[in-house]
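These figures come from a predicted structure and were not determined experimentally. So you know, we letter chains A, B, ... as the sequences are listed, proteins then strands, and number each from 1.
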Amino acid sequence: MIYVICGPTGSGKTQASLQLATFLHAPIINADAFQIYRDMNIGTAKISSQNPAYSNHYLLDIISPDQSFSVKEYQQLFRQTIDSLTKKYPDIIVVGGTGLYIRASLYDYMFEEREPDDTSDLDNLSNQELWDLLKSLDEKSLLSLHPNNRKRVIRAISIARTHLQNKSENIQRQEHKIIYPNVSIYFINPPREKLYDNINKRVDEMFNLGLVKEVNDLLIKYHLSLTASQAIGYKEVIDYLSHKMSLNECQELIKQRTRNYAKRQVTFFKHQFNSQEFISGDELVKVIMEDGK
RNA sequence: GGUCUGGUAGCUCAGGCAGUAGAGCAGGAGACUGAAAAUCUCCGUGUCGGGAGUGCAAAUCUCUCCUAGACCA
């Protein structure tokens, strides 16, 4: 049985996963795009390596912050990990807040081997020009895109010109089903006010634990990759360290962006998965334990 | 005490040659198949500080009061 625990940041996923892991004697697979990175601990609210449960975790601290990372790689690692763990454990727990990673891993998303494609020739085109270009290469993909979403439009163009199948063909080829048997998805969705309150407190806590020092050390040790440098809590502290804002402004900005992010997560989980919804991690744990008896 | 400048959406402010208002942010709703802690879409009625006056008509002009700030005494 695969137990997937998802929810916005600050909803109590980690705590719930630890309790469940003890109860089920199950390993935990991380499904968080930034806990993947080594040396990014405080800002990603990662479980401490001092915690005895740490060794029970997979896909945690596996990438260096100077490396880029993407769904395709995550999907690959996830499937390998599941394959090897199912040989030893009847139950596996998956926890994380990165909806796309979870979806791409659970469902039959297919990513071809990537051909090197330099898209810099597209940078100077207007949204309309990009839209027209994509229309000539993969008209169907237009249906699921918006002309202003340049990043996605460029991606679709790139797929069409370097892959055997364009994006819409690739998606059409899929069955849109979960490829593993016995998957249960649990969604922790606390009341908005409670969630935002947790987030605010958690950000303050991160600073008390030494977030500024962590970021400083990180900058000395690595040249952050494009993906790693997008982490909320890190990019803002970097701006603070280069005197672009005050400490207080930095803290407030992190809270703000984390709240905005949490809201987007809720939207994703609410609509992209068939899940059982819970108001808190405790509720979730209680229900699973009762079912397990 | 005097002079001046403000008081407009939760916040910061536009507008204001009179015809009952609009942006950004916040907030809400949503999309999502190789950057996803990313990227993108949609949603703005609020005693225009209170009162009075002049107008067919005032947030917009006049007077007065309240209030914030700056400057002068």
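Among the nucleotides B/rA36, B/rG27, B/rA29, the one closest to any side-chain atom of A/Phe268 is B/rA36. Closest approach to the A/Arg192 side chain among B/rG28, B/rG30, B/rA36 is made by B/rG28 (side chain taken as heavy atoms from C-beta onward). Of the candidate nucleotides B/rC40, B/rA37, B/rU33, B/rC40 has the atom nearest to the side chain of A/His146. Among the nucleotides B/rA35, B/rC32, B/rA26, the one closest to any side-chain atom of A/Arg155 is B/rA35. Taking only side-chain atoms of A/Thr227, from C-beta outward, the nucleotide of B/rG28, B/rU39, B/rA36 with the closest atom is B/rA36.
Here A/His271 reaches the OP1 or OP2 of B/rG30: one of its side-chain N or O atoms lies under 4.0 Å away. Under 4.0 angstrom from either OP1 or OP2 of B/rA35 there lies no side-chain N or O belonging to A/Gln230. Distances shown here put every side-chain N or O of A/Asn148 at or beyond 4.0 Å from the OP1 or OP2 atom of B/rC40. OP1 or OP2 of B/rG27 lies within a sub-4.0 Å distance of a side-chain N or O belonging to A/Arg259. Between A/Gln256 and B/rG27 there is a side-chain polar atom (N or O) within less than 4.0 angstrom of OP1 or OP2. At B/rA37, none of the side-chain N or O atoms of A/Lys235 fall inside 4.0 Å of OP1 or OP2 (strictly under the cut-off).
B/rC56 and B/rG51 have their P atoms separated by 22 Å, given to the nearest Å. On the P atoms, B/rA18 is 15 Å away from B/rA57, given to the nearest whole Å. B/rG2 and B/rU20 are spaced 38 Å apart, taking the P atom of each and rounding to whole Å. With both ends at atom P, the span from B/rC63 to B/rU45 equals 33 Å, rounded to whole Å. Between the C1' atoms of B/rG15 and B/rA23, the separation comes to 11 Å (whole Å). Distance check on atom C1': B/rG16 versus B/rU62 gives 16 Å, rounded to whole Å. The C1' atoms of B/rC13 and B/rU8 are separated by 9 Å, rounded to the nearest whole Å. Rounded to a whole angstrom, the distance from the C1' atom of B/rA59 to that of B/rG49 is 12 Å.
Under the Watson-Crick and G-U wobble criteria, each requiring two contacts below 3.5 Å, nucleotide B/rG1 is paired to B/rC72. The partner of B/rU20 cannot be assigned: no Watson-Crick or G-U wobble pair with both contacts below 3.5 Å exists in any strand. In this structure B/rU60 sits in no base pair that meets the Watson-Crick or G-U test at under 3.5 Å. Under the Watson-Crick or G-U wobble criterion, with both distances below 3.5 Å, B/rG7 is paired with B/rC66.
Within the nucleic acid shown, A/Thr258 has no heavy atom closer than 4.0 Å to any nucleic acid atom. Across all strands shown, A/Thr98 has heavy atoms under 4.0 Å from sugar-phosphate atoms exclusively, and none from any base. Residue A/Ala104 is classed as having no contact, given no heavy-atom separation below 4.0 Å to the nucleic acid. Among the protein residues, A/Tyr107 comes within range of no part of the nucleic acid, since none of its heavy atoms lies under 4.0 Å from any strand. Among the atoms of the strands shown, only primed sugar atoms or phosphate atoms (P, OP1, OP2) are found under 4.0 Å from some heavy atom of A/Ile159. When heavy atoms are screened at a 4.0 angstrom cut-off, A/Lys270 is found touching the sugar-phosphate backbone but no base atom. At the heavy-atom level, A/Gln265 lies nowhere under 4.0 Å from the strands shown. Within 4.0 Å of A/Asp32, counting heavy atoms only, lies at least one base atom of the nucleic acid.
Between A/Leu100 and A/Tyr109, it is A/Tyr109 whose nearest contact on RNA chain B lies nearer the 5' terminus. Nearest-nucleotide positions on RNA chain B for A/Arg150 and A/Gly99 put A/Gly99 closer to the 5' end.
Atom NE2 of A/His243 sits in a sparse spot, with 12 or fewer heavy atoms from other residues, nucleotides or ligands closer than 6.0 Å.
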Is there a side chain to side chain donor-acceptor pair (under 3.5 Å) between A/Thr98 and A/Asp32? Walk through the geometry before answering. CA-CA 5 Å; A/Thr98 307; A/Asp32 184 293; 4.6 Å; no
Are A/Ile28 and A/Val95 close enough, and set up right, to give a side-chain contact (heavy atoms from CB on, under 4.5 Å), and what steps lead you there? CA-CA 7 Å; A/Ile28 296 175; A/Val95 222; 3.3 Å; yes
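B/rG49 has its base anti relative to the sugar, with a glycosidic angle deviating from 0 by more than 90°.
Judged as a salt bridge (charged side-chain N to carboxylate O under 4.0 Å, His left out), and not counting sequence neighbours, the contacts of A/Lys255 are A/Asp204, A/Glu252.
Taking atom CZ on A/Phe34 and atom C1' on B/rA36, their separation rounds to 8 Å, with Å as the unit.
Inspection of the A/Ser246 and A/Asn248 side chains reveals no N or O donor paired with an N or O acceptor under 3.5 Å.
For the pair A/Arg264 and A/Tyr261, the cation-pi test (distance below 6.0 Å, angle within 45°) is failed.
Using a 4.5 Å heavy-atom threshold, the side chains of A/Phe278 and A/Tyr186 count as touching.
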